[in-house]
Amino acid sequence: MQYWLMKSEPETFGIDHLKAAPNSTYCWDGVRNYQARNYMRDTMQVGDQVFFYHSNCKTPGIVGIAKIVSHSYPDHTAFDPESKYYDPKSSPDKPRWFMRDLKLIKKLPNIISISALRANPSLKNMMVLRPGNRLSITPVTAQEWRAILAMFSKK
DNA sequence: GCCAACGTTGGC
DNA sequence: GCCAACGTTGGC
């Protein structure tokens with residue numbers, strides 16, 4: 001079992017979009033970064049747990065918990081010229097980008113903001129908090145996972 | 001809206 | 001294979 005943090009812009013695909021999807025499950029499309037793709041395609045396993053993070057918004061932070069419920073498969077939005085994720089270098093024969101399905105486990109009662117995360121000393125090495133971090137999918141250690149769970153179960 | 005940090009592109 | 005230019009991310 002591994003843990004991850006996955007960023008999404010709430011305007012584009014937020015926690016409520018996932019919640020509203022059939023079976024609260026949706027494909028994590030649009031990843032166009034090789035490192036993030038490799039995590040998704042190669043490293044993730046079905047059953048891994050995920051912090052759902054809202055980025056590029058008024059209050060960035062962790063808003064929910066989800067889990068990986070599928071193996072990786074080609075991201076079809078890359079084949080669609082109408083999609084904003086279209087990539088002519090990816091084809092069904094030779095797909096370049098992959099995705100997995102995520103199922104919402106729970107939406108948190110309150111957001112755990114990035115400032116709250118930064119204020120927690122046990123998270124000082126967390127990847128998403130590192131300066132200049134732009135990776136949309138980052139691994140979370142078991143220690144970090146537990147420390148973050150403790151932050152909201154206390155409330 | 002600003003801007004620092006970073007990944008990608010493409011000329012050489 | 002280097003590296004400058006460019007585009008994007010994302011916190012503030």
Side-chain angles (χ1 to χ4, degrees), chain A residues 2-21 26-44 48-68 72-102 104-141 143-145 147-152 154-155:
Chain A
Q2 304 164 103
Y3 303 102
W4 305 93
L5 182 142
M6 295 170 78
K7 290 186 209 169
S8 188
E9 301 189 10
E11 305 266 310
T12 310
F13 187 82
I15 188 93
D16 290 326
H17 293 96
L18 184 60
K19 194 175 180 179
Y26 205 74
C27 55
W28 198 268
D29 59 14
V31 168
R32 296 294 178 268
N33 167 284
Y34 288 104
Q35 201 178 343
R37 178 205 66 181
N38 293 346
Y39 282 144
M40 237 187 342
R41 188 188 59 184
D42 308 329
T43 317
M44 281 181 178
D48 283 359
Q49 292 193 274
V50 177
F51 284 131
F52 195 116
Y53 180 95
H54 281 173
S55 68
N56 201 14
C57 55
K58 201 170 161 194
T59 307
I62 293 170
V63 291
I65 296 175
K67 71 175 174 184
I68 304 296
S72 67
Y73 58 99
D75 181 343
H76 54 74
T77 63
F79 312 143
D80 176 8
E82 302 296 309
S83 169
K84 69 170 181 168
Y85 301 125
Y86 177 58
D87 180 357
K89 292 175 188 156
S90 188
S91 68
D93 288 350
K94 258 193 128 181
R96 173 177 293 202
W97 305 113
F98 290 80
M99 58 190 181
R100 286 180 185 251
D101 293 343
L102 248 73
L104 183 68
I105 295 175
K106 74 186 290 188
K107 182 180 171 178
L108 301 188
N110 302 103
I111 187 171
I112 303 177
S113 68
I114 188 169
S115 55
L117 295 172
R118 286 195 197 284
N120 186 336
S122 52
L123 301 177
K124 65 178 189 319
N125 293 323
M126 198 173 172
M127 267 183 84
V128 76
L129 302 180
R130 289 180 195 165
N133 168 75
R134 289 170 39 192
L135 200 53
S136 64
I137 300 176
T138 48
V140 174
T141 68
Q143 291 85 344
E144 289 163 350
W145 183 270
I148 292 167
L149 290 189
M151 289 174 78
F152 72 84
K154 236 182 279 183
K155 290 202 173 164

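Since the structure is predicted, the reported quantities are computational estimates derived from the model, not experimental observations. Every chain is numbered from 1, with letters handed out A, B, ... down the list of sequences.
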Next on the checklist: Applying side-chain hydrogen bond (donor to acceptor under 3.5 Å, both in side chains) as the test, list every pair that has at least one member in residues 54-68 of chain A; sequence neighbours left out.
Outcome noted: A:Glu9-A:Asn56

Checklist entry - Taking the nucleotide of DNA chain B with the closest heavy atom to each, which residue, A:Arg96 or A:Pro131, is nearer the 5' end? => result A:Pro131

Checklist entry - Pairs in or reaching into residues 120-132 of chain A: which pass side-chain hydrogen bond (donor to acceptor under 3.5 Å, both in side chains), with residues at least two apart or in two chains? => result A:Asn120-A:Ser122

Checklist outcome for this item: Sorted by chain and number, sequence neighbours left out, side-chain hydrogen bond (donor to acceptor under 3.5 Å, both in side chains) with A:Ser90 holds for none

Checklist entry - Which part of the nucleic acid, if any, lies within reach of A:Lys89 when heavy atoms closer than 4.0 Å are counted: base, sugar-phosphate only, or nothing? => result sugar-phosphate

Next on the checklist: Can you list everything that forms a side-chain hydrogen bond (donor to acceptor under 3.5 Å, both in side chains) with A:Ser83? Sequence neighbours excluded, please.
Outcome noted: none

Checklist entry - Across the strands shown, which category fits A:Arg32 at heavy-atom distances under 4.0 angstrom: base, sugar-phosphate, nothing? => result nothing

Item to check | Where chain A begins and ends its contact with DNA chain C, read 5' to 3' at 4.0 Å from heavy atoms | outcome: C:dG7 to C:dC12

Checklist entry - According to the side-chain hydrogen bond (donor to acceptor under 3.5 Å, both in side chains) rule, which pairs have a member within residues 92-102 of chain A, sequence neighbours left out? => result A:Tyr34-A:Arg96, A:Tyr73-A:Asp101, A:Asp87-A:Trp97

